[in-house]
There are 2 protein chains.
Amino acid sequence: MSREDRREQILDAAAHVVAQVGLAGASTDVIAREAGVSQPYVVRTFGGKQPLIDAVFSRMRDRVVGTFADAPLDGSAVECMGEAYVRLVRDRDTLLVLLHAFAASGDPRIGEVTRDCMRRVFEIVAGRFGDDAEAAAFVGQGMLINVLLAMDAENHPDLARLVTASAALPGAAGS
Amino acid sequence: MSREDRREQILDAAAHVVAQVGLAGASTDVIAREAGVSQPYVVRTFGGKQPLIDAVFSRMRDRVVGTFADAPLDGSAVECMGEAYVRLVRDRDTLLVLLHAFAASGDPRIGEVTRDCMRRVFEIVAGRFGDDAEAAAFVGQGMLINVLLAMDAENHPDLARLVTASAALPGAAGS
DNA sequence: GTCTATACTAGGATAGAC
DNA sequence: GTCTATCCTAGTATAGAC
């Protein structure tokens, strides 16, 4: 297999592991097993754990921003952005890596990624809405839904009321 | 010093370390140094790292819920809940521990804490607002502000537009 | 391009002294 | 109640074979 294919394969595995246990908890050993390669190969391919984690977060940002950038153009802004968001949250690993990145934004490397991600998503959303306040409300709503998804709220009846209320907000697009 | 005082002291240190590096990254060694005690003492006091981390998250939930439960009663719902939220985010460690907990909600223990936290905060807020949709919007807005604080958005001019738009939302209470 | 073997460090936990 | 010394496991990284 080519180096590039392996890289992607390992990044998938790394994103999956980071999603589950966070950056510090993600061992190159478990990532390697998940990818079906040896641990030293993972280290060698990326030059260490740190560069690997950086790559995981960068790719996450690109995917998040890309999802909104590629949003459909037909229909209202709420529909288009809502549809983009629905596509985004289908990739659970990306969503969880995003949450881990937010929590770890105190780290300069990661903070740069999350700020960049935030800024670009907001600019895209605001551009479509044509209104900063509405865009901020949309993003905030997305944040709430993100954490509800992370805590598996749909399968916990005691959160049903909040889930219903969140999904009913404008822009939730029936997700 | 009494066992109880030491417990609190270590919990403070643990919350601070977890806030910076996450649960997996928080070593009992660093926590001990932060608290000014020996590493074996930390382990001994809580019976291991896991119970210590559990205690950190439980205390975080109690503080978050308590802040809203103790919100002032004078003024409008937006003002009261906004004021409670402003008090909450003054404790940076609690805020960051909350974000780490969200990301780690896949873990059953932690998921239970975050869901409990979410449910109770939402019920308090919804009770004050008298409207689930408004309450959900308020919480979503809080989520957005949380991550903006985590990524130190105030000190990054390229996020000024988003910060301004978020702060201008109803309920932000000039935070 | 990928593995096995291995070196080295860090981290959690225990034993026992004070 | 608190420490020092220490054990053991896990985790990152390197060397070198295939």
Side-chain angles (χ1 to χ4, degrees), chain A residues 1-59 96-97 100-101 103-104 106-110, chain B residues 1-59 96-97 100-101 103-104 106-110:
Chain A
M1 190 176 277
S2 81
R3 202 167 183 86
E4 261 316 299
D5 289 345
R6 277 284 187 230
R7 237 188 101 94
E8 281 303 306
Q9 186 183 8
I10 294 172
L11 277 175
D12 285 342
H16 186 66
V17 176
V18 169
Q20 308 301 317
V21 295
L23 35 159
S27 71
T28 56
D29 196 51
V30 173
I31 292 169
R33 260 199 293 278
E34 178 80 24
V37 296
S38 69
Q39 181 268 334
Y41 186 71
V42 169
V43 172
R44 186 170 243 257
T45 304
F46 287 85
K49 180 181 170 174
Q50 170 113 299
L52 169 59
I53 298 294
D54 287 349
V56 168
F57 285 126
S58 295
R59 200 179 66 153
L96 289 170
V97 169
H100 279 290
D107 176 304
R109 303 175 112 85
I110 301 170
Chain B
M1 190 176 279
S2 83
R3 201 167 186 86
E4 262 315 299
D5 287 344
R6 277 284 188 230
R7 238 188 101 94
E8 281 302 306
Q9 187 183 6
I10 294 172
L11 277 175
D12 285 342
H16 187 66
V17 176
V18 169
Q20 308 301 317
V21 295
L23 36 159
S27 72
T28 55
D29 196 52
V30 172
I31 292 168
R33 261 198 293 277
E34 178 80 22
V37 296
S38 69
Q39 180 267 334
Y41 186 70
V42 169
V43 172
R44 188 170 240 255
T45 304
F46 287 85
K49 179 181 170 174
Q50 170 113 297
L52 169 59
I53 299 293
D54 287 350
V56 168
F57 285 126
S58 295
R59 200 179 66 152
L96 288 171
V97 170
H100 279 291
D107 176 304
R109 302 175 112 85
I110 302 169

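Order of the sequence lines fixes the chain letters, A, B, ..., with proteins taken first and strands second; residue numbering starts at 1 for each chain.
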Using a 4.0 Å cut-off on protein heavy atoms (strictly under), produce a 5'-to-3' string for nucleotides 4-18 of chain D with B for base contact, S for backbone-only sugar-phosphate contact, and - for none. BB-----SBBB----
I need the A/T45 OG1 to A/R7 CZ distance, nearest 0.5 Å. 8.5 Å
Run A/V37 and A/R6 through side chain to side chain contact (heavy atoms under 4.5 Å, CB included) and show every step you take. CA-CA 9 Å; A/V37 296; A/R6 277 284 187 230; 3.9 Å; yes
Residue set satisfying side-chain hydrogen bond (donor to acceptor under 3.5 Å, both in side chains) with B/R109, at least two apart, ordered chain then number -> B/D54
Integer-rounded Å distance: C/dT2 C1' and A/Q9 CD: 12 Å
Length of the line joining B/L23:CG and C/dG12:P, which is rounded to integer Å: 12 Å
Rounded to whole Å, please give me the gap between CD in A/E4 and C1' in C/dG1. 14 Å
Can you find a pair of side-chain heavy atoms, one from A/L52 and one from A/L11, that are under 4.5 Å apart? yes
From CD1 of A/I10 across to C1' of C/dT2 the rounded distance in Å is 10 Å
Can you pull the salt bridge (charged side-chain N to carboxylate O under 4.0 Å, His left out) pairs that have at least one residue in residues 8-27 of chain A, sequence neighbours excluded? A/E8-A/R59, A/D12-A/R59
Any protein N or O atoms within reach of nucleotides 8-10 of chain C? Criterion: under 3.5 Å, listing atom names and distances.
none

Not counting sequence neighbours, which residues clear side-chain hydrogen bond (donor to acceptor under 3.5 Å, both in side chains) with A/Q39? List them please. A/T28
Name all residues meeting the side-chain hydrogen bond (donor to acceptor under 3.5 Å, both in side chains) criterion together with A/R44; count only those two or more places apart in sequence or in a different chain, and write none if there are none. none
Identify the residue among A/V97, A/I53, A/V56, A/D107 that makes a side-chain contact (heavy atoms from CB on, under 4.5 Å) with A/L23. A/I53
Distance, rounded to the nearest Å, where B/D5 contributes CG and D/dG1 contributes C1': 12 Å
